[in-house]
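Report on the following structure.
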Amino acid sequence: MSGERDGRVMHHIHVSAPAGVVYAVLADAAKLALYCPQIVHVESLESDGVRERLRTWSLMGGRVRSWTTWRHLDPVERRVEVGQKLPGSPLDSVRGVLSIRPEGPRDTVLELRFGLDDLPETEWVEQTAGLDVRAQLTQLKSFAERWTRLDDLLLSFEDSIRVDGPAELAYDFLYRAGGWPELVPDVARVALVEDSPGVQRMTLERLTENGSQTTEAVRICFPHAGRIVYKQMAALPLLAAHTGEWSVVPDERGTIVTAKQTVVLREEAVPVVLGRDADLADAGRHVRAVLGRDSLSLLSLARQYAESGVRTLTPATTTAATVTAMATVTAMAGGRGRSRGRATVTPLL
């Protein structure tokens with residue numbers, strides 16, 4: 001890798017996977033959170049299949065920050081042109097080109113050239129941007145190089161339940177997770193902080209047969225759309241990544257509440273957790289059963305809460321009231337980072 005002091009920086013990395021696979025992984029913005037640990041969620045704002053505008057939320061420096069990205073996809077040349085606005089950063093914007101060059105049937109070089117508009121005369125900007133991008137490319141490399149097993153490693157599923165009650169109350173139950181210890185039998189403690197409207201960082205302690213288990217998640221709430229997307233920042237031992245979405249959809253008969261989940265299995269953990277004879281299929285079935293059971297339990301409690309009409313949640317958090325959350329414009333969910341420290345430099349992926 002090399003860098004230049006004229007505002008143009010180049011990085012390249014070798015990937016042991018076909019160029020088409022590398023491009024497909026890079027072009028699928030919805031899955032970026034599965035292989036980039038710090039990315040929480042990528043929301044498509046508009047797309048025509050070639051040009052797209054994305055909103056990304058990422059956990060950086062202990063806070064959730066967001067930005068907007070424009071991408072131009074060229075599957076023939078295997079290029080992705082990128083532009084970003086960086087609110088709260090010394091960098092006004094970043095532009096770049098990701099090029100994927102085959103070096104054989106199963107080898108690829110991924111190259112990134114990017115420029116920084118109005119580059120400040122501070123060396124740390126170049127250094128921080130370089131380290132951030134290098135980490136992103138390394139994570140993409142690790143994900144793409146498992147291309148022969150991705151169909152077995154990647155698992156998506158959903159569970160739904162009908163609620164004979166108002167969608168607002170079902171959403172209220174899911175949104176105000178700070179009150180779950182009072183309503184969810186196996187939840188012992190929830191610490192939930194809402195840094196800005198609709199953006200929640202949550203630590204949850206769940207009681208298990210062997211004691212307790214603590215998980216950490218970041219949730220992005222879209223009240224007007226009846227959606228809450230999340231990422232487990234400390235995934236379970238069998239999982240390399242875990243993302244999900246709660247959706248609350250009213251219809252003429254009531255409300256449908258759905259829990260969608262996507263996971264990447266941690267292949268090396270399968271024999272440790274399930275035994276030496278277990279394979280990825282066994283791990284997939286185990287994860288589906290465990291996560292599905294937990295989701296259905298919460299869905300049933302959301303139904304009970306909505307159908308009873310009880311509004312008794314008292315969140316032990318710093319969240320805003322649900323009335324405020326339901327009035328928050330979806331576009332504001334995520335807020336804008338205000339810190340001007342080094343952590344505000346954002347990735348190009």
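Connection of Ile161 to Leu298 is established within a shared hydrophobic cluster, with ILVMFWY side chains joined at heavy-atom distances below 4.5 Å, either directly or through further cluster members. Leu45 and Val199 fall into different hydrophobic clusters, where Ile, Leu, Val, Met, Phe, Trp and Tyr residues are linked whenever their side-chain heavy atoms come under 4.5 Å apart, directly or through other members. Clustering ILVMFWY residues whenever any of their side-chain heavy atoms sit less than 4.5 angstrom apart, transitively, puts Val272 in a cluster other than the one holding Val290. Both Leu301 and Leu204 are members of a single hydrophobic cluster when ILVMFWY side chains are connected at heavy-atom separations under 4.5 Å. When hydrophobic clusters are built by joining Ile, Leu, Val, Met, Phe, Trp and Tyr residues whose side-chain heavy atoms come closer than 4.5 Å, directly or via intermediates, Val249 is not grouped with Leu174.
In this structure the side chain of Arg65 never reaches within 4.5 angstrom of the side chain of Ser58, judged on heavy atoms. Looking at Val50 and His72, their side chains come closer than 4.5 Å, going by heavy atoms from C-beta outward. Using a 4.5 Å heavy-atom threshold, the side chains of Val25 and Lys31 count as separate. Between Trp70 and Glu81, the closest side-chain pair of non-hydrogen atoms is not below 4.5 Å. Residues Trp57 and Lys231 have side chains not in contact (no heavy-atom distance under 4.5 Å, counting atoms from C-beta outward). Leu98 places a side-chain heavy atom less than 4.5 Å from the side chain of Leu137. Put simply, the side chain of Leu140 reaches to within 4.5 Å of the side chain of Val22, judged on heavy atoms. Side-chain contact check for Arg201 versus Glu216: every heavy-atom pair is 4.5 Å or farther apart.
When all heavy atoms of Arg71 and Val80 are compared, the pair lying nearest together is CD-CG1, 4.0 Å. Residues Ala170 and Ala306 come closest through the heavy atom pair N-CB, 3.8 Å. When all heavy atoms of Cys221 and Tyr171 are compared, the pair lying nearest together is CB-OH, 3.4 Å. Contact record, Arg55 with Ser66: NH2-OG, 3.1 Å, taken as the closest heavy-atom pair. The minimum heavy-atom distance between Glu52 and Ala29, with the atom names listed, is OE2-CB, 4.3 Å. Between Leu192 and Gly178, the closest heavy-atom pair is CD1-N, 3.9 Å.
Checked by atom type, the side-chain pair Glu205/Thr214 shows no donor-acceptor distance below 3.5 Å. In the model, Arg206 has no side-chain atom that pairs as donor or acceptor with a side-chain atom of Thr215 under 3.5 Å.
The structure places OG1 of Thr108 at 11.5 Å from CD1 of Ile13, a figure rounded to the nearest 0.5 Å. Taking NE2 of His14 as the start and CD of Glu103 as the end, the distance is 6.0 Å to the nearest 0.5 Å. Considering OG1 of Thr258 and CZ of Arg162, their distance stands at 10.0 Å, rounded to 0.5 Å. Atom CD in Glu111 sits 10.0 Å away from atom CZ in Arg79 (nearest 0.5 Å). With rounding to the nearest 0.5 angstrom, the OG atom of Ser99 is 9.5 Å from the CG atom of Asp74. In this structure, the separation between CZ on Arg189 and OG1 on Thr203 is 6.5 Å, given to the nearest 0.5 Å.
Ring geometry, Tyr305 versus Phe173: the interplanar angle falls from 30° to 60°, so the pair is classed tilted.
For the pair Arg227 and Phe222, the cation sits on the ring face: its NZ or CZ lies under 6.0 Å from the ring centre, inside 45° of the axis.
In this structure, Asp282 contributes its side chain and Asp279 its backbone to a donor-acceptor pair below 3.5 Å. With hydrogens and angles ignored, the 3.5 Å screen pairs no side-chain donor or acceptor of Gln139 with any backbone N or O of Cys36.
Remark: Asp48 CG is packed, more than 12 non-hydrogen atoms of other residues, nucleotides or ligands lying under 6.0 Å away. Residue Arg53 places its CZ atom among more than 12 non-hydrogen atoms of other residues, nucleotides or ligands, all under 6.0 Å distant. Around CZ of Arg106, the count of heavy atoms belonging to other residues, nucleotides or ligands within 6.0 Å does not exceed 12.
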Is there a salt bridge (Lys or Arg N to Asp or Glu O under 4.0 Å) between Glu245 and Lys260? Walk through the geometry before answering. CA-CA 5 Å; Glu245 175 180 333; Lys260 299 178 182 178; 5.1 Å; no
Is there a side-chain contact (heavy atoms from CB on, under 4.5 Å) between Leu274 and Leu238? Walk through the geometry before answering. CA-CA 9 Å; Leu274 299 181; Leu238 266 177; 4.1 Å; yes
Verdict with supporting geometry, Ile220 and Val218, side-chain contact (heavy atoms from CB on, under 4.5 Å): CA-CA 7 Å; Ile220 313 298; Val218 175; 4.3 Å; yes
side-chain contact (heavy atoms from CB on, under 4.5 Å) evaluation trace for Gln261 with Gln232: CA-CA 11 Å; Gln261 301 185 71; Gln232 298 286 354; over 6 Å; no
Go through it in stages, so that I can follow the logic: the residues are Val229 and Thr243, the test is side-chain contact (heavy atoms from CB on, under 4.5 Å), and I'd like the CA-CA distance, side-chain angles, deciding distance and then a yes or no. CA-CA 8 Å; Val229 298; Thr243 63; over 6 Å; no
Test salt bridge (Lys or Arg N to Asp or Glu O under 4.0 Å) on Asp159 and Arg293; report intermediate values, then the result. CA-CA 9 Å; Asp159 298 285; Arg293 180 193 63 206; over 6 Å; no
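Ring centers of Trp147 and Tyr35: at least 6.0 Å apart, outside the cut-off.
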